[in-house]
2 protein chains.
Amino acid sequence: MNDETREAVMTATHRALCTHGFADLTTQRIADEWGKSKAALHYHYDTKEELLRTFLDHLLAKFESRLACESADPRVRLDTFVDAVFAPVEADDDSREFAVALLEIKAQAPYSETYRDRLAALDERMRETVAGAVRDGIEAGHFRHADPDDVARFVVTAINGAHVREVALDESPSEARRLIEGYLDDALGRDPATEVPA
Amino acid sequence: MNDETREAVMTATHRALCTHGFADLTTQRIADEWGKSKAALHYHYDTKEELLRTFLDHLLAKFESRLACESADPRVRLDTFVDAVFAPVEADDDSREFAVALLEIKAQAPYSETYRDRLAALDERMRETVAGAVRDGIEAGHFRHADPDDVARFVVTAINGAHVREVALDESPSEARRLIEGYLDDALGRDPATEVPA
DNA sequence: GCCACTTGACTGACTGGTTAGTAAGCACGC
DNA sequence: GCGTGCTTACTAACCAGTCAGTCAAGTGGC
(Lines give C-alpha, C1' and ligand atoms only; values in the text may rest on other atoms or scores of the structure.)
Protein backbone atom coordinates (compact mmCIF):
# COMPACT_ATOMS: atom_id res chain seq x y z
CA MET A 1 0.00 0.00 0.00
CA ASN A 2 1.02 3.60 -0.70
CA ASP A 3 2.32 5.64 2.25
CA GLU A 4 0.12 8.49 1.11
CA THR A 5 -2.95 6.24 1.02
CA ARG A 6 -2.13 4.87 4.46
CA GLU A 7 -1.85 8.35 5.92
CA ALA A 8 -5.13 9.42 4.30
CA VAL A 9 -6.97 6.41 5.75
CA MET A 10 -5.50 7.04 9.21
CA THR A 11 -6.61 10.69 9.08
CA ALA A 12 -10.06 9.68 7.86
CA THR A 13 -10.36 7.13 10.67
CA HIS A 14 -9.32 9.72 13.24
CA ARG A 15 -11.89 12.21 11.96
CA ALA A 16 -14.68 9.65 11.73
CA LEU A 17 -13.82 8.48 15.24
CA CYS A 18 -13.96 11.99 16.68
CA THR A 19 -17.17 12.85 14.83
CA HIS A 20 -19.17 9.71 15.57
CA GLY A 21 -17.40 8.10 18.54
CA PHE A 22 -16.05 4.57 18.70
CA ALA A 23 -19.40 2.86 19.21
CA ASP A 24 -20.85 4.43 16.06
CA LEU A 25 -17.69 4.14 14.01
CA THR A 26 -18.62 2.24 10.83
CA THR A 27 -16.54 1.41 7.77
CA GLN A 28 -18.98 3.50 5.74
CA ARG A 29 -18.24 6.57 7.84
CA ILE A 30 -14.49 6.10 7.56
CA ALA A 31 -14.89 5.65 3.81
CA ASP A 32 -16.97 8.84 3.62
CA GLU A 33 -14.28 10.84 5.43
CA TRP A 34 -11.71 9.31 3.11
CA GLY A 35 -13.76 10.20 0.06
CA LYS A 36 -13.61 6.68 -1.32
CA SER A 37 -15.99 3.72 -1.20
CA LYS A 38 -16.42 1.24 1.62
CA ALA A 39 -15.24 -1.54 -0.69
CA ALA A 40 -12.01 0.39 -1.33
CA LEU A 41 -11.36 0.25 2.41
CA HIS A 42 -11.84 -3.51 2.38
CA TYR A 43 -9.44 -3.70 -0.54
CA HIS A 44 -6.66 -2.29 1.65
CA TYR A 45 -7.75 -3.81 4.97
CA ASP A 46 -9.39 -7.23 5.07
CA THR A 47 -11.47 -6.52 8.15
CA LYS A 48 -12.58 -3.55 10.20
CA GLU A 49 -10.61 -5.00 13.10
CA GLU A 50 -7.40 -5.00 11.08
CA LEU A 51 -7.95 -1.37 10.14
CA LEU A 52 -8.55 -0.35 13.74
CA ARG A 53 -5.52 -2.29 14.94
CA THR A 54 -3.39 -0.40 12.43
CA PHE A 55 -4.97 2.86 13.51
CA LEU A 56 -4.29 2.19 17.18
CA ASP A 57 -0.65 1.42 16.47
CA HIS A 58 -0.38 4.60 14.46
CA LEU A 59 -1.92 6.55 17.30
CA LEU A 60 0.18 5.17 20.12
CA ALA A 61 3.37 5.61 18.12
CA LYS A 62 2.52 9.29 17.76
CA PHE A 63 1.78 9.63 21.48
CA GLU A 64 4.94 7.80 22.51
CA SER A 65 7.02 10.14 20.39
CA ARG A 66 5.54 13.02 22.37
CA LEU A 67 6.71 11.43 25.62
CA ALA A 68 10.32 11.32 24.48
CA CYS A 69 12.47 13.87 26.33
CA GLU A 70 16.22 13.78 26.28
CA SER A 71 16.91 16.38 28.97
CA ALA A 72 19.49 15.38 31.57
CA ASP A 73 17.58 17.23 34.31
CA PRO A 74 14.95 14.92 35.84
CA ARG A 75 12.88 17.96 36.92
CA VAL A 76 12.63 19.02 33.29
CA ARG A 77 11.75 15.48 32.22
CA LEU A 78 8.94 15.37 34.76
CA ASP A 79 7.58 18.75 33.65
CA THR A 80 7.73 17.71 30.00
CA PHE A 81 5.85 14.53 30.81
CA VAL A 82 3.02 16.37 32.52
CA ASP A 83 2.90 18.83 29.61
CA ALA A 84 2.78 16.01 27.06
CA VAL A 85 -0.05 14.30 28.88
CA PHE A 86 -2.20 17.35 29.44
CA ALA A 87 -1.47 19.56 26.43
CA PRO A 88 -3.62 18.78 23.40
CA VAL A 89 -1.81 17.64 20.26
CA GLU A 90 -0.70 20.43 17.91
CA ALA A 91 -3.34 21.48 15.38
CA ASP A 92 -5.89 19.12 16.89
CA ASP A 93 -8.96 21.16 17.68
CA ASP A 94 -11.02 18.14 18.71
CA SER A 95 -8.87 16.88 21.56
CA ARG A 96 -12.00 16.56 23.66
CA GLU A 97 -13.62 14.29 21.03
CA PHE A 98 -10.46 12.27 20.89
CA ALA A 99 -10.43 11.80 24.65
CA VAL A 100 -13.98 10.51 24.39
CA ALA A 101 -13.05 8.00 21.70
CA LEU A 102 -9.99 6.87 23.66
CA LEU A 103 -12.10 6.12 26.72
CA GLU A 104 -14.44 4.08 24.54
CA ILE A 105 -11.43 2.10 23.38
CA LYS A 106 -10.26 1.60 26.98
CA ALA A 107 -13.72 0.34 27.86
CA GLN A 108 -13.51 -2.19 25.02
CA ALA A 109 -10.08 -3.45 26.10
CA PRO A 110 -11.51 -6.41 28.08
CA TYR A 111 -12.99 -7.75 24.85
CA SER A 112 -9.89 -7.30 22.69
CA GLU A 113 -6.41 -8.54 23.44
CA THR A 114 -5.13 -6.18 20.76
CA TYR A 115 -6.40 -3.10 22.56
CA ARG A 116 -5.36 -4.40 25.96
CA ASP A 117 -1.79 -5.05 24.80
CA ARG A 118 -1.44 -1.64 23.20
CA LEU A 119 -2.83 0.14 26.26
CA ALA A 120 -0.64 -1.90 28.61
CA ALA A 121 2.44 -0.97 26.59
CA LEU A 122 1.51 2.69 26.71
CA ASP A 123 0.89 2.53 30.45
CA GLU A 124 4.22 0.88 31.13
CA ARG A 125 5.92 3.55 29.04
CA MET A 126 4.25 6.31 31.04
CA ARG A 127 5.08 4.79 34.39
CA GLU A 128 8.69 4.20 33.38
CA THR A 129 9.03 7.80 32.29
CA VAL A 130 7.83 9.09 35.65
CA ALA A 131 9.66 6.49 37.74
CA GLY A 132 12.92 7.16 35.87
CA ALA A 133 12.67 10.90 36.40
CA VAL A 134 11.83 10.45 40.08
CA ARG A 135 14.69 7.99 40.60
CA ASP A 136 17.22 10.27 38.92
CA GLY A 137 15.87 13.30 40.77
CA ILE A 138 16.32 11.60 44.14
CA GLU A 139 19.82 10.46 43.20
CA ALA A 140 20.75 13.99 42.12
CA GLY A 141 19.40 15.38 45.38
CA HIS A 142 16.62 17.43 43.79
CA PHE A 143 13.85 15.31 45.28
CA ARG A 144 13.31 13.96 48.75
CA HIS A 145 13.32 10.19 49.17
CA ALA A 146 10.28 8.26 47.92
CA ASP A 147 9.51 5.01 46.12
CA PRO A 148 9.79 5.93 42.41
CA ASP A 149 7.51 3.08 41.27
CA ASP A 150 4.82 4.00 43.78
CA VAL A 151 4.94 7.68 42.88
CA ALA A 152 4.82 6.81 39.16
CA ARG A 153 1.89 4.43 39.58
CA PHE A 154 -0.05 6.94 41.65
CA VAL A 155 0.57 9.80 39.22
CA VAL A 156 -0.42 7.72 36.18
CA THR A 157 -3.50 6.45 38.03
CA ALA A 158 -4.49 10.06 38.75
CA ILE A 159 -3.92 10.88 35.06
CA ASN A 160 -6.18 7.97 34.14
CA GLY A 161 -8.76 9.39 36.53
CA ALA A 162 -8.46 12.86 35.02
CA HIS A 163 -9.15 11.27 31.64
CA VAL A 164 -12.38 9.61 32.78
CA ARG A 165 -13.53 12.78 34.48
CA GLU A 166 -12.89 14.86 31.37
CA VAL A 167 -15.03 12.48 29.34
CA ALA A 168 -17.74 11.29 31.72
CA LEU A 169 -18.22 14.50 33.71
CA ASP A 170 -17.14 17.02 31.08
CA GLU A 171 -14.63 18.36 33.59
CA SER A 172 -11.62 20.38 32.49
CA PRO A 173 -8.38 18.46 33.14
CA SER A 174 -6.66 21.60 34.38
CA GLU A 175 -7.97 21.05 37.91
CA ALA A 176 -6.59 17.51 37.96
CA ARG A 177 -3.29 18.76 36.60
CA ARG A 178 -2.99 21.27 39.42
CA LEU A 179 -3.67 18.55 42.02
CA ILE A 180 -1.17 16.15 40.46
CA GLU A 181 1.51 18.83 40.42
CA GLY A 182 0.69 19.65 44.02
CA TYR A 183 1.06 15.99 44.91
CA LEU A 184 4.45 15.83 43.20
CA ASP A 185 5.58 18.93 45.08
CA ASP A 186 4.52 17.38 48.40
CA ALA A 187 5.80 13.89 47.73
CA LEU A 188 9.14 14.92 46.23
CA GLY A 189 9.63 18.32 47.86
CA ARG A 190 10.35 19.59 44.37
CA ASP A 191 12.49 22.68 43.95
CA PRO A 192 11.51 24.43 40.73
CA ALA A 193 13.71 23.60 37.72
CA THR A 194 15.33 26.72 36.29
CA GLU A 195 16.27 25.18 32.95
CA VAL A 196 13.92 25.66 30.04
CA PRO A 197 12.56 22.41 28.58
CA ALA A 198 14.62 21.18 25.57
CA MET B 1 -45.89 -2.10 37.15
CA ASN B 2 -45.41 -4.73 39.83
CA ASP B 3 -42.52 -4.20 42.28
CA GLU B 4 -41.63 -7.85 41.84
CA THR B 5 -41.59 -7.51 38.05
CA ARG B 6 -39.48 -4.39 38.30
CA GLU B 7 -36.91 -6.09 40.50
CA ALA B 8 -36.78 -9.11 38.18
CA VAL B 9 -36.13 -6.89 35.15
CA MET B 10 -33.43 -4.97 37.01
CA THR B 11 -31.70 -8.19 38.00
CA ALA B 12 -31.99 -9.53 34.47
CA THR B 13 -30.52 -6.31 33.08
CA HIS B 14 -27.66 -6.47 35.55
CA ARG B 15 -26.87 -10.05 34.61
CA ALA B 16 -27.14 -9.45 30.87
CA LEU B 17 -24.93 -6.39 31.25
CA CYS B 18 -22.24 -8.31 33.13
CA THR B 19 -22.37 -11.26 30.75
CA HIS B 20 -22.33 -9.40 27.44
CA GLY B 21 -21.07 -5.91 28.29
CA PHE B 22 -22.80 -2.64 27.55
CA ALA B 23 -21.93 -2.51 23.85
CA ASP B 24 -23.50 -5.92 23.23
CA LEU B 25 -26.41 -5.44 25.57
CA THR B 26 -29.56 -6.08 23.54
CA THR B 27 -33.19 -6.17 24.60
CA GLN B 28 -33.24 -9.82 23.48
CA ARG B 29 -30.48 -10.70 25.94
CA ILE B 30 -32.17 -8.89 28.80
CA ALA B 31 -35.41 -10.67 27.92
CA ASP B 32 -33.60 -14.03 27.86
CA GLU B 33 -32.16 -13.43 31.36
CA TRP B 34 -35.61 -12.41 32.51
CA GLY B 35 -37.16 -15.54 31.02
CA LYS B 36 -39.80 -13.58 29.11
CA SER B 37 -40.04 -12.34 25.54
CA LYS B 38 -38.48 -9.21 24.09
CA ALA B 39 -41.94 -7.79 23.39
CA ALA B 40 -42.83 -8.24 27.07
CA LEU B 41 -39.98 -5.85 27.89
CA HIS B 42 -41.41 -3.31 25.46
CA TYR B 43 -44.74 -3.74 27.15
CA HIS B 44 -43.24 -2.43 30.41
CA TYR B 45 -40.66 -0.04 28.96
CA ASP B 46 -41.41 1.85 25.76
CA THR B 47 -37.79 2.08 24.65
CA LYS B 48 -34.48 0.48 25.46
CA GLU B 49 -33.26 3.88 26.59
CA GLU B 50 -36.06 4.19 29.15
CA LEU B 51 -35.20 0.76 30.53
CA LEU B 52 -31.53 1.63 30.84
CA ARG B 53 -32.31 4.96 32.48
CA THR B 54 -34.38 3.15 35.08
CA PHE B 55 -31.63 0.61 35.57
CA LEU B 56 -29.01 3.29 36.10
CA ASP B 57 -31.16 5.01 38.72
CA HIS B 58 -31.67 1.70 40.46
CA LEU B 59 -27.95 1.06 40.41
CA LEU B 60 -26.82 4.43 41.71
CA ALA B 61 -29.40 4.38 44.48
CA LYS B 62 -27.93 1.09 45.65
CA PHE B 63 -24.39 2.42 45.51
CA GLU B 64 -25.31 5.63 47.34
CA SER B 65 -26.85 3.63 50.14
CA ARG B 66 -23.51 1.86 50.56
CA LEU B 67 -21.77 5.21 50.98
CA ALA B 68 -23.99 6.17 53.90
CA CYS B 69 -22.13 6.05 57.19
CA GLU B 70 -23.46 7.60 60.36
CA SER B 71 -20.34 7.33 62.52
CA ALA B 72 -19.39 10.48 64.37
CA ASP B 73 -15.68 9.75 63.95
CA PRO B 74 -14.44 11.21 60.65
CA ARG B 75 -11.62 8.65 60.57
CA VAL B 76 -14.16 5.86 60.59
CA ARG B 77 -16.23 7.60 57.89
CA LEU B 78 -13.17 7.86 55.67
CA ASP B 79 -12.29 4.20 56.19
CA THR B 80 -15.86 3.15 55.48
CA PHE B 81 -15.84 5.18 52.28
CA VAL B 82 -12.67 3.53 50.98
CA ASP B 83 -14.12 0.14 51.92
CA ALA B 84 -17.39 0.88 50.13
CA VAL B 85 -15.59 1.96 46.99
CA PHE B 86 -13.16 -0.94 46.80
CA ALA B 87 -15.07 -3.84 48.30
CA PRO B 88 -17.27 -5.70 45.82
CA VAL B 89 -21.01 -5.71 46.52
CA GLU B 90 -22.27 -8.55 48.72
CA ALA B 91 -23.09 -11.74 46.80
CA ASP B 92 -21.87 -10.23 43.55
CA ASP B 93 -19.34 -12.64 42.10
CA ASP B 94 -18.97 -10.70 38.86
CA SER B 95 -17.79 -7.38 40.25
CA ARG B 96 -15.08 -7.33 37.60
CA GLU B 97 -17.68 -7.67 34.82
CA PHE B 98 -19.70 -4.93 36.42
CA ALA B 99 -16.70 -2.62 36.52
CA VAL B 100 -16.26 -3.24 32.81
CA ALA B 101 -19.87 -2.37 32.07
CA LEU B 102 -19.70 0.74 34.25
CA LEU B 103 -16.71 2.04 32.32
CA GLU B 104 -18.60 1.47 29.07
CA ILE B 105 -21.40 3.58 30.50
CA LYS B 106 -18.95 6.31 31.54
CA ALA B 107 -17.56 6.29 28.01
CA GLN B 108 -21.07 6.79 26.63
CA ALA B 109 -21.82 9.70 28.97
CA PRO B 110 -20.85 12.35 26.37
CA TYR B 111 -23.65 11.07 24.14
CA SER B 112 -26.33 10.88 26.83
CA GLU B 113 -27.36 13.65 29.17
CA THR B 114 -29.10 11.02 31.29
CA TYR B 115 -25.91 9.12 31.98
CA ARG B 116 -23.90 12.30 32.45
CA ASP B 117 -26.33 13.65 35.03
CA ARG B 118 -26.42 10.42 37.00
CA LEU B 119 -22.64 10.09 37.00
CA ALA B 120 -22.20 13.73 38.00
CA ALA B 121 -24.57 13.25 40.94
CA LEU B 122 -22.67 10.19 42.09
CA ASP B 123 -19.35 11.99 41.78
CA GLU B 124 -20.56 14.92 43.81
CA ARG B 125 -21.83 12.54 46.48
CA MET B 126 -18.46 10.83 46.68
CA ARG B 127 -16.50 14.05 46.86
CA GLU B 128 -18.80 15.43 49.54
CA THR B 129 -18.38 12.29 51.61
CA VAL B 130 -14.61 12.57 51.55
CA ALA B 131 -14.50 16.36 51.93
CA GLY B 132 -16.90 16.21 54.86
CA ALA B 133 -14.85 13.58 56.68
CA VAL B 134 -11.62 15.49 56.04
CA ARG B 135 -13.15 18.78 57.22
CA ASP B 136 -14.48 17.22 60.42
CA GLY B 137 -11.23 15.37 60.98
CA ILE B 138 -9.20 18.56 60.77
CA GLU B 139 -11.62 20.36 63.07
CA ALA B 140 -11.41 17.53 65.61
CA GLY B 141 -7.62 17.64 65.49
CA HIS B 142 -7.23 14.13 64.05
CA PHE B 143 -5.89 15.38 60.70
CA ARG B 144 -3.33 18.00 59.84
CA HIS B 145 -4.52 21.05 57.94
CA ALA B 146 -5.32 20.59 54.24
CA ASP B 147 -7.93 21.78 51.73
CA PRO B 148 -10.81 19.28 52.14
CA ASP B 149 -12.16 19.89 48.62
CA ASP B 150 -8.76 19.42 47.02
CA VAL B 151 -8.07 16.23 48.97
CA ALA B 152 -11.54 14.90 48.09
CA ARG B 153 -11.18 15.71 44.41
CA PHE B 154 -7.76 14.12 44.25
CA VAL B 155 -8.85 10.96 46.05
CA VAL B 156 -11.94 10.54 43.88
CA THR B 157 -9.86 11.18 40.73
CA ALA B 158 -7.46 8.45 41.84
CA ILE B 159 -10.43 6.14 42.44
CA ASN B 160 -11.65 6.93 38.92
CA GLY B 161 -8.18 6.07 37.69
CA ALA B 162 -8.16 2.80 39.60
CA HIS B 163 -11.44 1.94 37.92
CA VAL B 164 -10.06 2.48 34.39
CA ARG B 165 -6.94 0.50 35.22
CA GLU B 166 -8.93 -2.41 36.58
CA VAL B 167 -10.90 -2.55 33.34
CA ALA B 168 -8.47 -1.51 30.63
CA LEU B 169 -5.31 -3.09 32.04
CA ASP B 170 -6.85 -5.91 34.06
CA GLU B 171 -5.03 -4.59 37.11
CA SER B 172 -6.15 -5.44 40.62
CA PRO B 173 -7.51 -2.36 42.43
CA SER B 174 -5.72 -3.36 45.63
CA GLU B 175 -2.51 -1.66 44.54
CA ALA B 176 -4.38 1.59 43.87
CA ARG B 177 -6.13 1.28 47.22
CA ARG B 178 -2.79 0.99 49.01
CA LEU B 179 -1.48 4.11 47.23
CA ILE B 180 -4.62 6.12 47.98
CA GLU B 181 -4.47 5.19 51.66
CA GLY B 182 -0.80 6.11 51.70
CA TYR B 183 -1.66 9.47 50.17
CA LEU B 184 -4.32 10.08 52.82
CA ASP B 185 -1.85 9.21 55.57
CA ASP B 186 0.70 11.66 54.14
CA ALA B 187 -1.73 14.45 53.34
CA LEU B 188 -3.67 14.26 56.61
CA GLY B 189 -1.09 12.76 58.93
CA ARG B 190 -3.78 10.28 59.89
CA ASP B 191 -3.59 8.60 63.24
CA PRO B 192 -5.30 5.21 63.03
CA ALA B 193 -8.91 5.15 64.22
CA THR B 194 -9.37 2.73 67.07
CA GLU B 195 -13.15 2.47 66.79
CA VAL B 196 -14.56 -0.35 64.74
CA PRO B 197 -16.66 0.77 61.74
CA ALA B 198 -20.38 0.91 62.51
C1' DG C 1 4.00 1.93 -32.62
C1' DC C 2 0.47 -1.16 -31.62
C1' DC C 3 -1.89 -5.02 -29.66
C1' DA C 4 -2.92 -8.46 -25.89
C1' DC C 5 -2.62 -9.05 -21.39
C1' DT C 6 -1.77 -8.19 -16.34
C1' DT C 7 -2.08 -5.66 -12.17
C1' DG C 8 -3.62 -2.40 -8.64
C1' DA C 9 -7.19 0.61 -7.14
C1' DC C 10 -11.59 1.21 -7.10
C1' DT C 11 -17.16 1.21 -7.56
C1' DG C 12 -22.07 -0.04 -6.96
C1' DA C 13 -24.96 -3.44 -5.87
C1' DC C 14 -25.64 -7.04 -3.17
C1' DT C 15 -25.88 -10.79 0.99
C1' DG C 16 -26.58 -12.45 5.47
C1' DG C 17 -27.04 -11.25 9.89
C1' DT C 18 -28.50 -8.41 13.73
C1' DT C 19 -31.12 -4.82 15.89
C1' DA C 20 -35.08 -1.91 18.17
C1' DG C 21 -39.48 -1.60 17.93
C1' DT C 22 -44.49 -3.05 16.23
C1' DA C 23 -48.83 -5.64 15.37
C1' DA C 24 -52.09 -8.91 16.19
C1' DG C 25 -53.70 -12.08 18.86
C1' DC C 26 -54.05 -15.36 23.08
C1' DA C 27 -54.67 -16.73 28.19
C1' DC C 28 -56.44 -15.79 32.44
C1' DG C 29 -58.15 -13.59 36.55
C1' DC C 30 -61.79 -10.64 38.18
C1' DG D 1 -66.28 -9.37 28.82
C1' DC D 2 -62.50 -6.78 29.66
C1' DG D 3 -58.07 -5.26 30.88
C1' DT D 4 -53.37 -6.89 32.11
C1' DG D 5 -49.46 -9.40 30.73
C1' DC D 6 -47.73 -11.77 27.59
C1' DT D 7 -46.28 -14.43 22.76
C1' DT D 8 -45.13 -15.21 17.94
C1' DA D 9 -44.19 -13.13 13.85
C1' DC D 10 -43.07 -9.40 11.69
C1' DT D 11 -40.76 -4.56 9.82
C1' DA D 12 -37.37 -1.33 8.70
C1' DA D 13 -32.91 0.05 9.41
C1' DC D 14 -28.31 -0.79 9.62
C1' DC D 15 -24.03 -3.31 9.58
C1' DA D 16 -19.53 -5.90 7.79
C1' DG D 17 -18.06 -8.09 4.24
C1' DT D 18 -18.45 -9.97 -0.85
C1' DC D 19 -18.60 -9.89 -5.72
C1' DA D 20 -18.51 -8.84 -10.52
C1' DG D 21 -16.98 -5.63 -13.14
C1' DT D 22 -14.65 -0.81 -14.51
C1' DC D 23 -10.69 1.92 -15.39
C1' DA D 24 -5.99 3.41 -15.91
C1' DA D 25 -1.32 2.40 -15.91
C1' DG D 26 1.98 -0.60 -17.02
C1' DT D 27 4.55 -4.79 -19.59
C1' DG D 28 6.11 -7.73 -23.15
C1' DG D 29 5.95 -9.42 -27.94
C1' DC D 30 6.36 -8.26 -32.53
Side-chain angles (χ1 to χ4, degrees), chain A residues 1-58 100-101 104-105 107-109 111-115, chain B residues 1-58 100-101 104-105 107-109 111-115:
Chain A
M1 195 198 316
N2 203 341
D3 263 9
E4 198 180 323
T5 305
R6 201 189 116 97
E7 198 57 37
V9 173
M10 293 298 104
T11 305
T13 305
H14 182 95
R15 279 227 289 270
L17 185 65
C18 290
T19 306
H20 305 284
F22 184 81
D24 289 325
L25 182 68
T26 65
T27 53
Q28 184 62 63
R29 281 169 170 162
I30 298 172
D32 286 349
E33 285 286 349
W34 185 26
K36 301 273 169 77
S37 74
K38 190 161 67 83
L41 220 50
H42 280 291
Y43 173 78
H44 292 295
Y45 302 90
D46 278 358
T47 63
K48 184 188 181 185
E49 203 207 305
E50 186 193 326
L51 166 59
L52 292 184
R53 194 187 331 129
T54 309
F55 176 70
L56 206 60
D57 281 337
H58 173 84
V100 171
E104 290 185 78
I105 292 173
Q108 289 306 308
Y111 309 107
S112 161
E113 206 183 327
T114 303
Y115 296 171
Chain B
M1 193 197 321
N2 202 342
D3 264 8
E4 197 180 324
T5 305
R6 202 190 115 97
E7 198 56 38
V9 174
M10 294 296 105
T11 305
T13 305
H14 181 96
R15 278 227 289 270
L17 185 64
C18 290
T19 305
H20 305 285
F22 184 81
D24 289 324
L25 183 68
T26 65
T27 53
Q28 184 63 62
R29 280 169 170 160
I30 298 172
D32 287 348
E33 286 286 348
W34 184 26
K36 301 273 171 75
S37 74
K38 189 163 65 86
L41 266 184
H42 280 289
Y43 174 78
H44 293 293
Y45 303 90
D46 279 357
T47 63
K48 185 188 179 185
E49 204 208 303
E50 186 192 327
L51 167 59
L52 292 184
R53 193 186 333 129
T54 310
F55 175 70
L56 205 60
D57 281 338
H58 173 84
V100 171
E104 290 184 80
I105 292 173
Q108 290 305 307
Y111 309 106
S112 161
E113 205 183 326
T114 304
Y115 296 172

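In what follows, every chain begins at residue 1, and chains take the letters A, B, ... in the order their sequences are listed. A quick note: this is a predicted structure, and the numbers were derived from the prediction, not measured. Side-chain atoms are counted along with the backbone in the values below, which use heavy atoms only and exclude waters and symmetry mates.
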Report task. Determine whether any donor atom in the side chain of K38(A) lies under 3.5 Å from an acceptor atom in the base of dG17(D), or the reverse, and answer yes or no. Result -> yes

Query raised in the report: When we call it a touch if two heavy atoms are under 4.0 Å apart, what does T47(A) touch: a base, just sugar-phosphate, or nothing?
Result: sugar-phosphate

Query - Separation of dT7(C) C1' from M1(A) CE (nearest whole Å) - result: 17 Å

Query raised in the report: Looking at T27(B), does any N or O in its side chain come under 4.0 Å of the phosphate oxygens OP1/OP2 on dA20(C)?
Result: yes

Query raised in the report: Where the side chain of R29(B) meets the backbone of D24(B), is there a donor-acceptor pair that is under 3.5 Å apart?
Result: yes

Requested in this report: Name the residue closer to the 5' end of DNA chain C, choosing between Y43(A) and A40(A) according to the nucleotide with the nearest heavy atom.
Outcome: Y43(A)

Query raised in the report: Is a donor on one side and an acceptor on the other found under 3.5 Å between the side chain of K36(A) and the backbone of V9(A)?
Result: no

Requested in this report: Would you indicate whether E49(A), at its atom CD, is surrounded by more than 12 heavy atoms from other residues, nucleotides or ligands within a distance under 6.0 Å?
Outcome: no

Query - Interatomic distance, L41(B) CG vs dC6(D) P [rounded to whole Å] - result: 10 Å

**Report entry** Contact check, side chains of Y45(B) and T27(B), non-hydrogen atoms, under 4.5 Å
**Finding:** no

Query raised in the report: Do any side-chain nitrogens or oxygens of H44(B) fall under 4.0 Å of OP1 or OP2 in dC6(D)?
Result: yes

Query raised in the report: When the distance from CD of Q28(B) to P of dG21(C) is rounded to whole Å, what number comes out?
Result: 13 Å

Query raised in the report: For L25(B), does its backbone N or O pair with a side-chain atom of K48(B) as donor and acceptor, under 3.5 Å?
Result: yes

Query raised in the report: For D32(B) and dT8(D), what is the distance between atoms CG and P respectively, to the nearest whole Å?
Result: 12 Å

Report task. Check the distance between dG8(C)'s P and E4(A)'s CD and give it to me in whole angstrom. Result -> 18 Å

Report task. Let me know the distance between NE2 of H42(B) and C1' of dC10(D), rounded to the nearest Å. Result -> 13 Å

Query raised in the report: Nearest of dT7(D), dT19(C), dC15(D) to any side-chain atom of S37(B)?
Result: dT7(D)

Report summary line: Taking dT19(C), dC15(D), dA23(C) as options, the one with an atom nearest any side-chain atom of A39(B) is dA23(C)

Query raised in the report: Taking CD from E49(A) and C1' from dC15(D), how many angstroms apart are they, rounded to a whole number?
Result: 16 Å

Query raised in the report: Within this structure, what is the CD1-to-C1' distance between I30(A) and dG17(D), rounded to whole angstrom?
Result: 14 Å

